[in-house]
Peer 1: 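Have a look at this one before I ask anything.
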Amino acid sequence: MRWTRYFLFTLRDNPSDAEVISHQLLARAGMIDKLAAGIYTYLPLGWRSVEKTARIVREEMGAAGSVELMMPCVQPAELWQESGRWQQYGKELLRIKDRHDREFCFGPTHEEVITDAVRRRITSYRQLPANLFQIQTKFRDEIRPRFGLMRGREFIMKDAYSFHASAESLDATYRAMEAAYRRIFDRCRLSYTAVEADTGNIGGSESHEFMVLASTGEDAVAACECGYGANVEKATTGALAPPPPWPGTPPAKPEEVHTPGATSVADVAAFLRLDPAHFIKTMIVESDAEFAVALVRGDDEVNEVKLKNALGAAHLQLASEAKVEQVSGGAMGFSGPVGLKGVRVVADPEVMRMAVAATGANRADYHLVGVAPGRDFTADLVADIRVARAGDPCPRCGKPLVVKRGIEVGHIFKLGTKYSKAMACNYLDENGGMQPMIMGCYGLGVGRTVAAAVEQNHDDAGIVWPRPLAPFEVELIALNPDVPAVRDAAEKLYAELSEAGVEVFYDDRDERPGVKFNDADLIGFPVRVVVGKKGVEQGQAELSLRRDRVKIPTPLGDAVAKARELLAGL
RNA sequence: CGGGGCGUAGCUCAGCCUGGUAGAGCACACGGUUCGGGACCGUGUGGUCGGAGGUUCAAAUCCUCUCGCCCCGACCA
């Protein structure tokens with residue numbers, strides 16, 4: 001492809017709204033173009049990378065036994081009402097009406113549609129399992145889209161769904177999908193890790209996320225050298241070290257102490273000369289159905305996802321100040337579990353292991369010391385609801401966990417029968433009994449994978465594409481296209497490279513060398529072939545890798561072979 | 001949805017406080033000199049100052065409303 005015949009416009013300045021590096025570079029390299037918040041045009045160069053990623057995904061999904069189909073992006077409300085998610089999904093679901101005032105939504109995901117397609121066809125265990133996938137543009141009306149392709153509202157994603165007659169069959173497919181994902185991200189040359197994950201609103205039992213490690217990642221993952229890895233939303237830990245010894249003798253019974261204005265654990269701890277770990281932190285939350293009280297040790301934080309799961313709630317939020325006073329009978333910042341009535345109390349196991357503790361007195365400007373969990377209050381539910389921290393013991397081997405940031409590029413779930421039951425997606429088993437199919441679902445963000453590749457592969461000058469995702473593999477630069485010998489040599493090389501099946505992008509513009517070099521660095525094709533006046537006089541071209549930019553003088557006649565050799569080494 | 005900020009040329013921004021002929025750099029067009037790491041000189045094109053209403057002799061500038069965008073938070077297969 002010749003630049004002068006292509007549709008490529010690089011930007012000298014970063015767009016003012018681009019915050020993360022992948023957004024900046026993809027925009028500057030003329031690959032994406034924002035149309036509205038979280039909505040992007042994939043310009044020709046960007047689309048090639050997306051297509052290359054999609055091709056890898058297609059090949060590996062097919063090899064793993066999944067069959068491609070395509071489902072609509074606009075879906076009727078009826079299906080969503082049937083699964084219950086029309087109510088449950090909230091504002092993230094973009095709802096639209098047609099000219100007849102019938103309700104539809106723009107699909108954020110396709111469980112309903114695929115389940116409907118399968119239930120109307122598969123009736124027997126003999127026809128199972130089934131595994132179908134699609135690559136489709138989806139829409140989620142995110143509260144706050146950001147980071148370019150990493151968190152758009154409209155985005156391209158591959159999703160696969162599998163249907164089974166047994167848990168064993170689901171597990172076999174789940175493992176096959178997990179292996180396929182590893183091959184996909186390996187082929188994309190990404191550094192990633194698979195971690196245990198929470199299943200979120202989509203429901204289900206087992207779940208893994210594939211995380212590309214990058215400092216700009218929106219998720220935190222806890223990992224251990226033993227191989228344990230989990231999203232911090234999900235990560236568990238071994239038992240923590242107990243709090244330091246109580247200074248002096250703790251009171252035998254709860255005693256009120258005056259703590260004027262000290263509402264945070266840190267303030268009260270400093271005021272009373274205790275360690276934060278001596279405290280019980282009390283958070284009052286509000287779910288769709290109830291108020292609840294969450295207790296964690298003072299040096300811990302409440303993990304909202306774990307708490308939500310423990311309470312069995314769909315949504316959760318911190319209670320307002322007025323509600324806190326209503327529930328606790330005291331001021332915000334002075335809440336504690338002693339004497340609370342009429343609310344469910346969820347305590348972290350670390351709280352119940354404390355021999356003696358300090359906590360709020362449910363009275364403005366007072367705290368209690370000498371509180372013994374189990375004696376002075378009880379919990380309705382004891383569950384792990386704390387956020388795992390770096391340094392906590394690994395739940396498997398006890399070594400300290402490390403916490404890293406990651407970009408979630410894939411997420412696989414064992415869904416179970418949530419959708420098949422709700423939507424009567426049944427089959428007849430060998431005894432003629434009707435059973436709901438057991439389902440799995442497997443998502444992979446295609447656009448996000450491209451963005452993650454840029455996050456992981458760039459330098460100060462621009463993108464350094466991994467070969468499999470590069471829009472073109474070789475950039476050919478004619479430095480002085482107005483010099484006939486140079487132009488002829490470049491044209492010849494262009495023809496030969498094309499003939500040899502090399503994906504070559506030919507910068508034939510009438511620009512100064514600096515402009516061409518800088519654009520080449522910005523766009524980041526893996527191999528560069530430069531033809532200049534001095535080189536041509538000596539019958540030489542100059543090859544280099546974007547990765548290291550080390551110049552390799554090469555006779556013009558060997559340039560094609562050398563380019564292919566360099567590519568083969570990538 | 002709460003808090004904060006920004007909408008002026010294709011892009012990045014100044015001008016606004018203190019109202020008085022719409023600016024710069026880059027990009028683009030033409031001419032010339034240049035040509036291995038974002039050249040230089042000259043000439044030129046390009047703007048309903050996001051939109052609507054108001055105040056005023058006069059509004060990019062002040063006021064009101066509205067739309068869009070961004071940041072922090074809450075939220076999130």
Peer 1: I want to verify a distance call: between B/G37, B/C72, B/A39, whose nearest atom is closest to the A/Glu19 side chain?
Peer 2: B/C72

Peer 1: With rounding to the closest Å, how many angstrom separate the P atoms on B/G53 and B/A39?
Peer 2: 46 Å

Peer 1: For B/C13, does either OP1 or OP2 sit under 4.0 Å from a side-chain N or O belonging to A/Ser16?
Peer 2: yes

Peer 1: Sorted by first residue and then second, give each side-chain hydrogen bond (donor to acceptor under 3.5 Å, both in side chains) pair with at least one member in residues 72-81 of chain A; sequence neighbours left out.
Peer 2: A/Gln75-A/Trp80, A/Gln75-A/His110

Peer 1: With both distances under 3.5 Å as the test, what is the Watson-Crick or G-U wobble partner of B/G31?
Peer 2: B/C41

Peer 1: Identify each atom pair where a protein N or O and an N or O of nucleotides 22-24 of chain B are less than 3.5 Å apart, giving names and distance.
Peer 2:
none

Peer 1: From the list B/G38, B/C13, B/C71, which nucleotide is the closest neighbour of the side chain of A/Arg144?
Peer 2: B/C71

Peer 1: Rounded to the Å, how far apart are A/Asp519 CG and B/C11 P?
Peer 2: 18 Å

Peer 1: Give A/Arg509 one of three labels, base, sugar-phosphate or nothing, depending on what nucleic acid heavy atoms sit under 4.0 Å from its own.
Peer 2: nothing

Peer 1: In whole Å, what separates the P atom of B/C6 from that of B/C13?
Peer 2: 13 Å

Peer 1: Salt bridge between A/Glu60 and A/Arg183, side-chain N to carboxylate O under 4.0 Å?
Peer 2: yes

Peer 1: Charged N to carboxylate O below 4.0 Å: is that the case for A/Arg405 and A/Asp219?
Peer 2: no

Peer 1: Expressed in angstrom and rounded to an integer, what is the separation of A/Asp17 atom CG from B/G5 atom C1'?
Peer 2: 14 Å

Peer 1: Name every donor-acceptor pair, under 3.5 Å, that has one atom in a side chain of residues 522-540 of chain A and the other anywhere in the protein, sequence neighbours excluded.
Peer 2:
residue: A/Arg528; atom: NH1; partner: A/Asp521; partner atom: OD1; Å: 3.4
residue: A/Arg528; atom: NH2; partner: A/Asp521; partner atom: OD1; Å: 2.3

Peer 1: Considering every strand shown, what is the Watson-Crick or G-U wobble mate of B/U48 when both distances are under 3.5 Å?
Peer 2: none

Peer 1: Name the pairing partner of B/G2, where a pair is Watson-Crick or G-U wobble with both distances under 3.5 Å, or state none.
Peer 2: B/C72

Peer 1: Where the side chain of A/Glu304 is concerned, which of B/A39, B/C75, B/A27 is the nearest nucleotide?
Peer 2: B/C75

Peer 1: Mind checking the C1' distance from B/C17 to B/C62? Whole angstroms is fine.
Peer 2: 11 Å

Peer 1: With the threshold set at 4.0 Å, does a side-chain nitrogen-carboxylate oxygen contact exist between A/Arg119 and A/Glu82?
Peer 2: yes

Peer 1: Just so I know, are the side chains of A/Thr137 and A/Cys73 near enough to count as touching, which here means a heavy-atom distance under 4.5 Å?
Peer 2: no

Peer 1: In whole Å, what separates the C1' atom of B/A22 from that of B/U61?
Peer 2: 12 Å

Peer 1: Please state how far atom NZ in A/Lys308 lies from atom P in B/A74, giving the value in whole angstrom units.
Peer 2: 14 Å

Peer 1: Starting at atom CG of A/Asp13, determine the distance to atom P of B/U12, rounded to an integer number of angstrom.
Peer 2: 7 Å

Peer 1: Between B/A74 atom C1' and A/Glu286 atom CD, what is the distance in whole Å?
Peer 2: 14 Å

Peer 1: Of the nucleotides B/G38, B/G37, B/C71, which one has an atom closest to the side chain of A/Arg549?
Peer 2: B/G37

Peer 1: Would you mind telling me which of A/Lys281, A/Arg386, A/Arg389 makes a side chain to side chain donor-acceptor pair (under 3.5 Å) with A/Glu301?
Peer 2: A/Lys281

Peer 1: Could you work out the separation of B/G10 and B/G19 based on their C1' atoms and round it to a whole Å?
Peer 2: 30 Å

Peer 1: What does B/G20 pair with, Watson-Crick or G-U, if both distances are under 3.5 Å?
Peer 2: B/C57

Peer 1: Using purine N1 to pyrimidine N3 plus N6-O4 or O6-N4 for Watson-Crick, or N1-O2 and O6-N3 for G-U wobble, both under 3.5 Å, which nucleotide pairs with B/C26?
Peer 2: B/G10

Peer 1: Between A/Ala36 and A/Glu408, which has a closest nucleotide on RNA chain B that is more 5'?
Peer 2: A/Ala36

Peer 1: Given the ring of A/Tyr174, does A/Lys414 sit roughly above its face, with NZ or CZ under 6.0 Å from the centre of the six-membered ring and within 45° of the axis?
Peer 2: yes

Peer 1: Verify the contact: side-chain N or O of A/Arg12 to OP1 or OP2 of B/A27, cut-off strictly under 4.0 Å; return yes or no.
Peer 2: yes

Peer 1: What does the list of N/O pairs under 3.5 Å between the protein and nucleotides 34-36 of chain B look like, with a distance for each?
Peer 2:
residue: B/U34; atom: O2; partner: A/Arg512; partner atom: NH1; Å: 2.7
residue: B/C35; atom: O2'; partner: A/Asn480; partner atom: ND2; Å: 2.7
residue: B/G36; atom: N1; partner: A/Glu542; partner atom: OE1; Å: 3.3
residue: B/G36; atom: N2; partner: A/Glu542; partner atom: OE1; Å: 2.7
residue: B/G36; atom: N2; partner: A/Glu542; partner atom: OE2; Å: 2.3

Peer 1: With C1' as the reference atom in both, quote the distance from B/U45 to B/A9 in angstrom, rounded to an integer.
Peer 2: 11 Å

Peer 1: With A/Ser544, which residues qualify under side chain to side chain donor-acceptor pair (under 3.5 Å), at least two apart?
Peer 2: none

Peer 1: I'd like the C1' distance from B/C30 over to B/C67, given in whole Å.
Peer 2: 40 Å

Peer 1: Could you list the residues that satisfy side chain to side chain contact (heavy atoms under 4.5 Å, CB included) with A/Asp507, not counting sequence neighbours?
Peer 2: A/Trp3, A/Glu475, A/Ile477, A/Arg509, A/Lys516

Peer 1: Regarding A/Lys138 and A/Asp159, does a basic nitrogen lie under 4.0 Å from an acidic carboxylate oxygen?
Peer 2: yes

Peer 1: Could you tell me whether A/Lys34 contacts a base, only the sugar-phosphate backbone, or nothing, with contacts defined as non-hydrogen atoms closer than 4.0 Å?
Peer 2: sugar-phosphate

Peer 1: Take the protein atom CZ of A/Arg146 and the nucleotide atom P of B/A74, then report the distance between them rounded to whole Å.
Peer 2: 9 Å

Peer 1: Roughly how many Å is it from NE2 in A/His23 to C1' in B/C11, rounded to a whole number?
Peer 2: 14 Å

Peer 1: When the P atoms of B/G25 and B/C41 are compared, how many Å lie between them, rounded to an integer?
Peer 2: 10 Å

Peer 1: Measuring from atom CD of A/Glu542 to atom CG of A/Leu479, what distance do you get when rounded to the nearest 0.5 angstrom?
Peer 2: 8.5 Å

Peer 1: What nucleic acid atoms does A/Ile143 come within less than 4.0 Å of, heavy atoms only: base, sugar-phosphate, or nothing?
Peer 2: base

Peer 1: Taking atom P of B/C75 as reference, at what distance in whole Å does atom CD of A/Glu218 sit?
Peer 2: 14 Å

